[in-house]
Amino acid sequence: MPGESMQQCARMPESLETLISQADLQDRIESLAEEIRRDYGDQQMLLVGVLKGSYLFLADLSRRLGGNVAIDFVQTSSYGAEKSSSGVVQIRKDLDINIEGQNVLLVEDIVDTGLTLTHLRELLSVRKPNSLKVVSLLSKPEARVHQTQIEYVGFEIPNAFVVGYGLDYSERYRNLPYIAILRPE
Ligand code: IMP
């Protein structure tokens, strides 16, 4: 389903099945923020949102973290097996901030195969941050191909294609306030 053209998408009827409600999302983000704030204390942290999928999660998480928080964004583009045998992740938009010596918390929407996160961890760790941790709203453990560390996980979900709360299908559904499984009808 990912990667299909808008034309194909327009022809195919889809249905949405709620997987995580708006209330459950907000409750979990509140508890994640408490856990993160407990771990970091009053140290400054730099939240690095991975565009575009993390934009709503980062907005809600950052408001609940309070305290000493800076924000930057990175955007990647990945070429899956159908386009390239190497599975390379490229940087489409790099950070604006120098992260050397900073406590970086990478904010991901979802970890699927783990390819993107593996590359981002490598890319950021060579820039010598003081610490580098990851928070991902969603994780699909059954889909993992590249094992990678995720310090904070919002929800472990089944291996289904989900949309909403930042996650898209052909750029649609990002603005849903909940997470839904997208199925072709
Ligand atoms: P990974 O590199 O395979 O872990 O994939 C990470 C990226 O794939 C995420 O940041 C999303 O942009 C996209 N992705 C993976 N699974 C889904 C999904 O179920 N819905 C929408 N996007 C997804």
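Note that the coordinates shown come from a computational prediction; the quantities given were computed from them, not determined experimentally. Counting starts at 1 for both ligands and their atoms, in listed order.
- Within the set T113, I110, V89, the minimum heavy-atom distance to atom 14 (N) of ligand 1 is found for I110.
- Across T76, D112, L120, heavy-atom proximity to atom 4 (O) of ligand 1 is greatest for D112.
- Residues R183 and E17 are paired through a salt bridge, judged by an N-O separation under 4.0 Å between the basic side chain and the carboxylate.
- Of all atoms in ligand 1, numbered sequentially from 1 with element shown, those under 4.0 Å from a heavy atom of D168 are 21 (C).
- For A160, the heavy-atom gap to ligand 1 drops under 4.0 angstrom.
- The ligand atoms of ligand 1 that sit less than 4.0 angstrom from a heavy atom of K140 are 16 (N), 17 (C), 18 (C), 19 (O).
- At most 12 non-hydrogen atoms from other residues, nucleotides or ligands lie less than 6.0 angstrom from CG of D42.
- Not a single heavy atom of V163 lies less than 4.0 angstrom from ligand 1.
- Taking 4.0 Å as the cut-off, G114 counts as a neighbour of ligand 1 on heavy-atom distance.
- Look at E108 and you'll find a heavy atom under 4.0 Å from some atom of ligand 1.
- Among the candidates L58, D39, L47, L46, the single residue satisfying the side chain to side chain contact (heavy atoms under 4.5 Å, CB included) test with L105 is L47.
- Salt-bridge annotation for R64 and E30: present, with a side-chain N of the basic residue lying under 4.0 Å from a carboxylate O of the acidic one.
- Counted within 6.0 Å of NZ on K93, heavy atoms from surrounding residues, nucleotides or ligands total more than 12; the atom is thus considered enclosed.
- For D109, the closest heavy-atom approach to ligand 1 falls below 4.0 Å.
- A cation-pi arrangement is present between K133 and Y40, with the terminal nitrogen or guanidinium carbon under 6.0 Å from the aromatic centre and inside a 45° cone about the axis.
- Within the 4.0 Å heavy-atom criterion, both parts of L115, backbone and side chain, lie near ligand 1.
- Between E171 and K52, at least one side-chain N (NZ, or NE/NH1/NH2) sits under 4.0 Å from a carboxylate O, which counts as a salt bridge.
- For the pair L138 and ligand 1, no heavy-atom separation below 4.0 Å is found.
- Atoms of ligand 1 lying under 4.0 Å from at least one heavy atom of T116, given by number and element, are 1 (P), 2 (O), 5 (O), 6 (C).
- The shortest heavy-atom distance from K52 to ligand 1 is not under 4.0 Å.
- Using a 4.5 Å heavy-atom threshold, the side chains of R172 and E14 count as touching.
- Between L32 and Y152 the shortest side-chain heavy-atom distance falls below 4.5 Å.
- Per-residue contacts place L167 under 4.0 angstrom from the following atoms of ligand 1 (heavy atoms of the residue considered): 21 (C), 22 (N).
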